[in-house]
Structure formats: structure tokens, C-alpha cells
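Heads up, the thing below is written out as C-alpha cells.
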Amino acid sequence: MKGKNIILIGFMGSGKTSVGKILSEKLNYDFKDTDEMIETLEDTTINNIFRLHGEEFFRDLETTLLLSLKDTMRNTVLSTGGGMPVRESNRKILKEMGQVVFLRASADSILKRLSGDTTRPLLKNKNPKETAERLLAQRTPYYEEAADVIIDTDNKAIDDIVGEILNAIK
Ligand SMILES: Nc1ncnc2c1ncn2[C@@H]1O[C@H](COP(=O)(O)OP(=O)(O)O)[C@@H](O)[C@H]1O
Ligand SMILES: O=C(O)C1=C[C@@H](OP(=O)(O)O)[C@@H](O)[C@H](O)C1
Ligand SMILES: [Mg+2]
């Protein structure tokens, strides 16, 4: 596998950011995370962006960022935010950018991993379980459509998930 990017997609808490960092080290690739880049570019937190400007504004920032990375990103592991593949135009760009790996996680795993998390505005409400289940059902077809490779992450350690990705990519 030479010169290609690896793009990690999946729901909040599927491990895109944690897995992506380690995977990039193993491949000797650069690491980029769309949420971290948006926070740097906007000089504020994802929470603040949602609170002050709303979700659509954040989605537009995601699309703009993806377009800016599209033609120049090389030898990079790109971890995306969980909503990135919802827009059809984003899915098309992600597929053009590299091999897309969908990190699959059950609602139970997601809720366990994110219990106590305060950084994900979409789950900061009275019923995070209902929200996670509903969004997961809505988004799973988009993740599956965009994916070149699907890796189940439930009950697996991050290092083992990285190993599975390395075996699966070409
Ligand atoms: N396979 C895993 N097993 C246990 N905990 C995990 C696993 N993957 C991620 N986590 C934990 O879940 C939380 C969210 O992980 P993160 O990498 O930020 O996910 P994402 O970027 O997909 O939202 C972190 O606390 C992380 O340590
Ligand atoms: O699923 C989503 O809509 C979101 C996922 C988050 O990223 P992670 O998937 O890295 O948690 C972040 O982009 C934002 O809070 C919205
Ligand atoms: Mg992340």
C-alpha cells in the first residue's frame, strides 16, 4: 500500500480518533482529525460551534474542510467526525481521497465508551441512549455505502483494531 490515504469513518465513540493516531504511527503516515482541525481553524470547541451557530453551520465547516484537503492530502490517516458521511457529496470526496475504513460499534459499546463525555453536543441531552440508537440507525447505511473495509470494534482493544486494519488494507 503506497501513497494512499486511509480515512476512518463511523459513529461517535467508534474509536476513529484513538485508532487513527496509532494507525498513523504504524504506517509512518501523517495524522489528521477533522474535528481537531475545525477546532483549530475556528479557534473554539465543537461544543461552542454547535451552541453559537448550530449543526448546519458545523456541517458546512466539515464540507469546506474536506474540499480543502481533497487534492493535496497524501500518506495520511484522516479521522473524521461521525456525521461526515451523511452528506452524499462528502461520501463521494472521502472515497476519492483514499481507502475508507468503517469502524463499526454497537449502541451499547458507544454509550459505555462515551458515558461521562461532555464534548459531543449531539449526545448532551436527557436521553443519549435514544439519540444514539436513532442516529446510528439513520447513519449506518451511509457508513456502509462509503466503506471499502468494515471493522467490528465491540469488545476489542484499540491495538487489535489497528492490527485488523493493517491486515485489511491493501
Ligand atoms: N476499542 C475501544 N475499546 C475501549 N474504549 C475505546 C475503544 N475505542 C475508543 N474507545 C474510547 O472511547 C472514547 C471515544 O474514542 P474516540 O477515539 O474519541 O472515538 P471517535 O473519534 O470515533 O468519536 C475514548 O475515551 C476512547 O478511549
Ligand atoms: O456524529 C456527529 O455528528 C459528531 C461527531 C463528533 O466527532 P466524533 O465522531 O469523533 O465523536 C463531532 O464531529 C461532532 O460532535 C458531531
Ligand atoms: Mg473523533
Side-chain angles (χ1 to χ4, degrees), residues 6-26 30-42 44-66 69 76-88 90-91 93-94 100-125 127-144 146-147 149-166 168:
I6 306 293
I7 321 288
L8 301 184
I9 64 168
F11 203 75
M12 292 173 264
S14 59
K16 302 173 299 292
T17 299
S18 329
V19 167
K21 280 182 183 153
I22 298 174
L23 180 65
S24 68
E25 285 164 19
K26 298 266 186 222
D30 290 339
F31 173 71
K32 288 186 165 65
D33 182 285
T34 57
D35 289 327
E36 289 175 6
M37 293 181 85
I38 288 171
E39 289 190 327
T40 303
L41 286 165
E42 296 297 304
T44 189
T45 60
I46 304 276
N47 269 334
N48 273 338
I49 298 171
F50 272 71
R51 188 170 56 80
L52 296 171
H53 305 290
E55 179 170 355
E56 274 311 291
F57 182 88
F58 175 74
R59 298 300 166 204
D60 289 342
L61 292 177
E62 285 189 312
T63 298
T64 303
L65 174 64
L66 213 50
L69 293 172
T76 298
V77 175
L78 179 71
S79 294
T80 56
M84 186 72 94
V86 172
R87 287 190 179 175
E88 187 185 2
N90 290 355
R91 294 199 292 281
I93 297 170
L94 292 171
V100 179
V101 177
F102 167 27
L103 298 184
R104 186 155 56 195
S106 64
D108 279 355
S109 295
I110 287 160
L111 290 163
K112 252 185 235 152
R113 291 175 193 166
L114 296 181
S115 73
D117 176 79
T118 58
T119 65
R120 290 168 174 86
L122 293 179
L123 296 180
K124 283 208 294 184
N125 59 48
N127 200 341
K129 180 168 153 51
E130 185 279 328
T131 311
E133 285 170 352
R134 179 172 42 81
L135 286 178
L136 189 60
Q138 265 174 22
R139 291 176 177 182
T140 297
Y142 300 133
Y143 295 142
E144 289 175 346
V149 172
I150 300 179
I151 304 282
D152 278 308
T153 69
D154 283 357
N155 304 310
K156 288 180 191 162
I158 288 171
D159 282 344
D160 294 337
I161 295 164
V162 171
E164 281 193 35
I165 297 173
L166 289 169

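Order of appearance sets the numbers: ligands from 1, and atoms from 1 within every ligand. Not measured: the values here are computed from a predicted model.
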### Query
Rounded to the nearest 0.5 Å, what separation is found between the OH atom of Y143 and the OG1 atom of T80?
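Going from OH on Y143 over to OG1 on T80, the span is 8.0 Å.
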### Task
For the Mg ion (ligand 3), decide whether T17 has an N, O or S atom at a distance under 2.8 Å.
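An N, O or S atom of T17 is closer than 2.8 Å to the Mg ion (ligand 3), so yes.
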Give me the residue, atom name and distance of the protein heavy atom closest to [atom].
{"atom": "atom 11 (O) of ligand 2", "value": "R120 NE, 2.7 Å"}
{"atom": "atom 19 (O) of ligand 1", "value": "G15 N, 3.2 Å"}
{"atom": "atom 3 (N) of ligand 1", "value": "K156 O, 3.6 Å"}
{"atom": "atom 17 (O) of ligand 1", "value": "S18 OG, 2.4 Å"}
{"atom": "atom 6 (C) of ligand 1", "value": "R113 CD, 3.6 Å"}
{"atom": "atom 14 (C) of ligand 2", "value": "I46 CG2, 3.9 Å"}
{"atom": "atom 3 (O) of ligand 2", "value": "R59 NH2, 2.6 Å"}
{"atom": "atom 6 (C) of ligand 2", "value": "D35 OD2, 3.6 Å"}
{"atom": "atom 15 (O) of ligand 2", "value": "P121 CD, 3.5 Å"}

Do NZ/NE/NH1/NH2 and the carboxylate oxygens of [X] and [Y] come within less than 4.0 Å?
{"X": "K156", "Y": "E164", "result": "yes"}
{"X": "D60", "Y": "R87", "result": "yes"}
{"X": "R59", "Y": "E62", "result": "yes"}

Are there more than 12 heavy atoms of other residues, nucleotides or ligands under 6.0 Å from atom [atom1] of [X]?
{"X": "K129", "atom1": "NZ", "answer": "no"}
{"X": "F58", "atom1": "CZ", "answer": "yes"}
{"X": "E55", "atom1": "CD", "answer": "yes"}

### Query
If you measure from each heavy atom of S79 to ligand 1, is any distance below 4.0 Å?
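S79 does not count as a contact of ligand 1 under the 4.0 Å cut-off.
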### Task
May I ask whether G10 places a heavy atom under 4.0 Å from ligand 1?
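Contact absent.
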### Task
With atom 18 (O) of ligand 1 as the reference point, say which of R120, K16, M12 has the nearest heavy atom.
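Residue with the shortest heavy-atom distance to the ligand atom: R120.
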### Query
If we only count N/O pairs under 3.5 Å, is G13 in contact with ligand 1?
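Between G13 and ligand 1 (N or O atoms, distance only) the closest approach is under 3.5 Å.
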### Query
Short N/O distance, under 3.5 Å, between I161 and ligand 1?
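No; the residue has no nitrogen or oxygen that sits under 3.5 Å from a nitrogen or oxygen of the ligand.
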Does only the side chain of [X] get under 4.0 Å from ligand 2, or the backbone, or both, or neither? Count heavy atoms.
{"X": "R139", "result": "side chain"}
{"X": "K16", "result": "side chain"}
{"X": "D33", "result": "neither"}

### Query
Is there a side chain to side chain contact (heavy atoms under 4.5 Å, CB included) between L114 and I110 once you walk through the steps?
CA-CA 6 Å; L114 296 181; I110 287 160; 4.1 Å; yes
What are the atoms of ligand 2, with element, lying closer than 4.0 Å to any heavy atom of [X]?
{"X": "L122", "result": "2 (C), 3 (O)"}
{"X": "G81", "result": "7 (O), 9 (O), 13 (O)"}
{"X": "F58", "result": "13 (O)"}
{"X": "G83", "result": "1 (O), 2 (C), 3 (O)"}

### Message
If the test is side-chain contact (heavy atoms from CB on, under 4.5 Å), which one of V100, T34, L8, D33 qualifies with L78?
### Response
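With L78 as partner, side-chain contact (heavy atoms from CB on, under 4.5 Å) holds for just one option, T34.
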### Task
Sort out for me which residue in V162, I158, I161 forms a side-chain contact (heavy atoms from CB on, under 4.5 Å) with S18.
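Result for side-chain contact (heavy atoms from CB on, under 4.5 Å) with S18: I158.
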### Proximal ligand 1 atoms for F11, defined as those under 4.0 Å from one of its heavy atoms
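Per the distance check, 22 (O).
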### Message
When you compare the side chains of N125 and T131, does any donor N or O come within less than 3.5 Å of an acceptor on the partner?
### Response
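Yes, T131 and N125 have a side-chain donor paired with an acceptor closer than 3.5 Å.
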### Query
Just one of T40, N47, N48 clears the side chain to side chain donor-acceptor pair (under 3.5 Å) bar with T44, so which one?
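Running side chain to side chain donor-acceptor pair (under 3.5 Å) over T40, N47, N48 with T44 returns exactly one hit, N48.
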### Task
Decide side chain to side chain contact (heavy atoms under 4.5 Å, CB included) for R104 and E144; before the verdict, give the C-alpha distance in whole Å, the side-chain angles of both, and the deciding distance to 0.1 Å.
CA-CA 9 Å; R104 186 155 56 195; E144 289 175 346; 3.8 Å; yes
### Query
Do G13 and ligand 2 have an N or O pair less than 3.5 Å apart?
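No, since none of the N or O atoms of G13 sits under 3.5 Å from an N or O of ligand 2.
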#### Entry: Full working for side chain to side chain contact (heavy atoms under 4.5 Å, CB included) between I165 and L103
CA-CA 10 Å; I165 297 173; L103 298 184; 3.9 Å; yes
